[in-house]
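All heavy atoms count here, side chains included; hydrogens, waters and symmetry mates do not. Note on naming: letters A, B, ... go to the chains in the order of the sequence lines (proteins, then strands), and numbering restarts at 1 for each one.
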Amino acid sequence: DGGITQSPKYLFRKEGQNVTLSCEQNLNHDAMYWYRQDPGQGLRLIYYSQIVNDFQKGDIAEGYSVSREKKESFPLTVTSAQKNPTAFYLCASSLTGSSEKLFFGSGTQLSVL
Amino acid sequence: KNQVEQSPQSLIILEGKNCTLQCNYTVSPFSNLRWYKQDTGRGPVSLTIMTFSENTKSNGRYTATLDADTKQSSLHITASQLSDSASYICVVSIVAAGNKLTFGGGTRVLVKP
């Protein structure tokens, strides 16, 4: 099956800890994105990558980091600098970076212990 | 101020009834307006995509309309089913911002038997 796989489904972070959310796609898409979703709010863009080994900050990049070493993979690290990390994190991809139809993963719920 | 506003925030309807969700946007010109369906704890899935020149687009029991003059879109659900219980998200692609996507906060729909 083609699609986007996010893991884990649920993640708990201790104070001062960095955690990494995984996102893998087998759609052969060039562009990948990370969004944060808070209750009642629209999705907010954290980081995006239009091509391997290149990525750009979104609207709320502070406290997060990413890498794009392979076309299929776009992991997101939530660092200890992110003081309010509790949210639902969604990874998405599109065929190119020109904001075409997005395909989303099933999300990771991150909570703080 | 969010550039994409959705209303109502939530609604409850009886199975078999119709309902209409609203999306107002304040920025133009835009490239595309999309409606996504998001089941609880899952990623959004695209329902319809419309360009600025299209007035209506259907996907089964879902019909989206667009009035570019008033900058309004609506999503009409016909003969609702229990599986329609979800959040519905309006997304505008803004040309002036390099085709950046702006997400509405969503409307949560609960269909009761």
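- Every residue meeting the ring-ring contact (aromatic ring centres under 6.0 Å, His included) condition with A:Phe103, not counting sequence neighbours, appears here in chain and number order: A:His29.
- When hydrophobic clusters are built by joining Ile, Leu, Val, Met, Phe, Trp and Tyr residues whose side-chain heavy atoms come closer than 4.5 Å, directly or via intermediates, A:Leu110 is not grouped with A:Tyr33.
- For B:Gln6, no part sits under 4.5 Å from any heavy atom of chain A, backbone or side chain.
- The shortest heavy-atom contact between B:Arg42 and A:Phe88 is O-CE2, 3.7 Å.
- Under the 4.5 Å side-chain heavy-atom criterion for Ile, Leu, Val, Met, Phe, Trp and Tyr, B:Tyr25 and B:Leu21 are members of the same hydrophobic cluster.
- In the hydrophobic clustering of this structure, A:Leu90 groups with B:Tyr36; members are Ile, Leu, Val, Met, Phe, Trp, Tyr whose side-chain heavy atoms approach within less than 4.5 Å, directly or through other members.
- In this view, B:Tyr62 and B:Asp84, B:Tyr88 satisfy the side-chain hydrogen bond (donor to acceptor under 3.5 Å, both in side chains) rule, not counting sequence neighbours.
- Taking chain A as the reference chain and counting heavy-atom pairs below 4.5 Å, the highest number among B:Pro44, B:Ser87, B:Ser10 is found for B:Pro44.
- When all heavy atoms of B:Phe103 and A:Leu102 are compared, the pair lying nearest together is CZ-CD1, 4.3 Å.
- Under the 4.5 Å side-chain contact rule for hydrophobic residues, A:Trp34 and A:Ile4 do not share a cluster.
- Within residues 106-113 of chain B, no residue has any heavy atom closer than 4.5 Å to a heavy atom of chain A.
- The number of heavy atoms from other shown groups lying within 6.0 Å of NZ (A:Lys9) is above 12.
- Under the 4.5 Å side-chain heavy-atom criterion for grouping Ile, Leu, Val, Met, Phe, Trp and Tyr, B:Leu33 is connected to B:Leu47 within one hydrophobic cluster.
- For B:Gln9, the CD atom sits in a loose shell: 12 or fewer heavy atoms of surrounding residues, nucleotides or ligands are nearer than 6.0 Å.
- Using non-hydrogen atoms only and a strict 4.5 Å limit, the part of residues 43-64 of chain A facing chain B consists of A:Leu43, A:Asp59.
- When heavy atoms are compared at a cutoff of 4.5 Å, A:Gln41 approaches chain B solely by way of its backbone atoms N, CA, C and O.
- Only the side chain of A:Gln37 comes within less than 4.5 Å of a heavy atom of chain B; its backbone N, CA, C and O stay farther away.
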